[in-house]
S.K.: 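Okay, handing you the structure first.
Chain letters run A, B, ... following the sequence lines, proteins first, then strands; residues in each count from 1. All heavy atoms count here, side chains included; hydrogens, waters and symmetry mates do not.
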There are 2 protein chains.
Amino acid sequence: MAISETRKLVSMDKPLVSAISDICDPEESKVAFVRDLFGRLGEKWSMRTLDELAHGPLRFTALMNVLPGISHRILTVTLRTLETDGMVSRTAYPETPPRVEYALTPLGESFVCRALSMVAWAQDHQREIEANRANRR
Amino acid sequence: MAISETRKLVSMDKPLVSAISDICDPEESKVAFVRDLFGRLGEKWSMRTLDELAHGPLRFTALMNVLPGISHRILTVTLRTLETDGMVSRTAYPETPPRVEYALTPLGESFVCRALSMVAWAQDHQREIEANRANRR
DNA sequence: CGGTATCCAAAAGGATACTG
DNA sequence: CAGTATCCTTTTGGATACCG
């Protein structure tokens with residue numbers, strides 16, 4: 001796809017995020033937004049959490065169980081971030097003891113679909129990448 | 001896409017990474033690999049660096065200039081990681097003063113293509129996500 | 001110029017105790 | 001049970017000086 005020859009052709013715009021600007025609006029705010037979002041989703045447990053919720057709603061404690069190694073506190077902050085972005089919904093049932101269910105929102109489902117294509121890519125290239133790492137060590 | 005109903009159907013397998021296991025091999029090593037790769041690419045400057053190189057090869061100093069705010073040392077470690085994974089190539093020309101060019105490898109180009117679809121998703125949902133954030137703070 | 005080595009600051013993550 | 005608050009450890013990133 002000769003992506004490496006495009007600098008000469010479109011030398012005045014910015015990359016990745018901005019390759020998209022060839023099509024739409026090159027506003028700096030969009031670049032910042034995408035970088036920020038990627039940062040949030042790159043947090044240690046975000047993808048794993050979304051992944052678990054992709055199989056159906058789960059309670060706080062259930063999530064702890066399927067995410068071995070996560071701490072009480074980190075699960076809370078991870079869920080709060082995802083909730084703030086609208087990827088996950090939180091439903092508290094007014095009972096004693098309390099019961100809270102977390103689930104993917106439609107936005108969250110939409111994201112997971114895209115993420116799956118990245119996962120597929122990663123798996124397709126696993127041998128290639130591991131071979132590279134081995135050669136250099 | 002009713003992804004939220006699948007837990008009952010395939011209750012014994014694992015998520016995201018593993019939704020893919022419905023199709024191929026559910027080996028734990030693959031899950032670990034993808035998580036690890038995502039972690040590397042989630043590092044602060046990895047995506048930005050790939051992005052810049054997507055427009056063509058660049059020298060070390062040129063990269064510093066197009067990545068405002070990155071430190072000398074961090075650019076080095078970022079490039080080393082990308083090089084180790086085979087996403088970026090490093091070519092040193094034996095001159096004085098030294099000249100070193102970094103470029104995307106075919107693997108790196110392939111990755112950037114996939115990443116662009118994630119970027120597009122992010123931009124498509126920017127308003128939606130920002131609206132969610134605003135509501136909750 | 002393109003690094004590596006050293007040192008330091010900031011942020012992320014984790015353990016744990018306490019609460020409604 | 002599902003948190004919040006507090007404290008501590010680890011990791012990451014940045015500033016800087018020096019080297020081939």
S.K.: Rounded to whole Å, please give me the gap between CZ in Arg40(A) and C1' in dA12(C).
M.R.: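 Taking atom C1' of dA12(C) as the reference, CZ of Arg40(A) is at 15 Å.
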S.K.: Is there a donor-acceptor pair under 3.5 Å between the side chain of Thr78(B) and the backbone N or O of Ile74(B)?
M.R.: yes
S.K.: Roughly, in whole Å, what's the span from CG in Leu75(A) to P in dT4(D)?
M.R.: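 Leu75(A) atom CG is separated from dT4(D) atom P by 11 Å.
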S.K.: Which nucleotide sits closest to the side chain of Thr76(B): dT4(C), dC1(D), dC1(C)?
M.R.: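 The listed nucleotide nearest to Thr76(B)'s side chain is dT4(C).
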S.K.: Test side-chain contact (heavy atoms from CB on, under 4.5 Å) on Leu104(A) and Leu50(A); report intermediate values, then the result.
M.R.: CA-CA 7 Å; Leu104(A) 240 49; Leu50(A) 289 174; 3.8 Å; yes
S.K.: In whole angstrom, what separates Arg73(B)'s CZ from dC8(C)'s C1'?
M.R.: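 Taking CZ of Arg73(B) and C1' of dC8(C), I get 11 Å after rounding.
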S.K.: Using heavy-atom distances to pick each residue's nearest nucleotide on DNA chain C, tell me which of Trp45(A) and Pro98(A) is more 5'.
M.R.: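 Going by which nucleotide is closer to the 5' end, it is Trp45(A).
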S.K.: Separation of Arg80(A) atom CZ from dA12(C) atom C1', in whole Å?
M.R.: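 For the pair Arg80(A) CZ and dA12(C) C1', the rounded distance is 18 Å.
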S.K.: Apply side-chain contact (heavy atoms from CB on, under 4.5 Å) to residues Leu53(A) and Val88(A) and explain how you reach the verdict.
M.R.: CA-CA 8 Å; Leu53(A) 292 177; Val88(A) 158; 3.6 Å; yes
S.K.: Using 30° and 60° as the class boundaries, would you call the ring planes of Phe60(B) and Tyr102(B) parallel, tilted or perpendicular?
M.R.: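 It falls in the tilted class, 30° to 60°.
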S.K.: Does a side-chain N or O from Ser71(B) land closer than 4.0 Å to OP1 or OP2 of dT16(D), or not?
M.R.: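 Answer no for this pair, as no side-chain N or O of Ser71(B) is under 4.0 Å from OP1 or OP2.
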S.K.: Without decimals, in angstroms, what is the distance between Asn65(A) CG and dA2(D) C1'?
M.R.: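 It is 13 Å, rounded to the nearest whole Å.
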S.K.: Expressed as a whole number of angstroms, how long is the span from Ile74(B):CD1 to dT4(C):C1'?
M.R.: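 Rounding to the nearest Å, CD1 of Ile74(B) and C1' of dT4(C) are 13 Å apart.
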S.K.: Between Tyr102(B) and dC1(C), is there a side-chain N or O to OP1/OP2 distance below 4.0 Å?
M.R.: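 Negative; the distance criterion is not met.
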S.K.: Using a heavy-atom cut-off of 4.0 Å across all strands, would you classify Tyr93(B) as base, sugar-phosphate, or nothing?
M.R.: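 Touches nothing.
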S.K.: Return the value, rounded to whole Å, for the distance between atom CD1 of Ile70(B) and atom P of dG3(C).
M.R.: 13 Å
S.K.: Glu43(A) has an atom CD; how far is it from atom P of dG14(C), in whole Å?
M.R.: 12 Å
S.K.: Quick check on dC1(C): is either OP1 or OP2 less than 4.0 Å from any side-chain nitrogen or oxygen of Thr96(B)?
M.R.: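 So the side chain of Thr96(B) is outside the cut-off, no N or O lying under 4.0 Å from OP1 or OP2 of dC1(C).
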S.K.: Can you check whether Lys44(B) has a side-chain N or O nearer than 4.0 Å to OP1 or OP2 of dG14(D)?
M.R.: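 Yes.
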S.K.: Any Lys/Arg nitrogen of Asp36(A) or Arg133(B) sitting under 4.0 Å from an Asp/Glu carboxylate oxygen of the other?
M.R.: yes
S.K.: Is there, by distance only and without an angle test, a donor paired with an acceptor across the side chain of His72(A) and the base of dG3(D) below 3.5 Å?
M.R.: yes
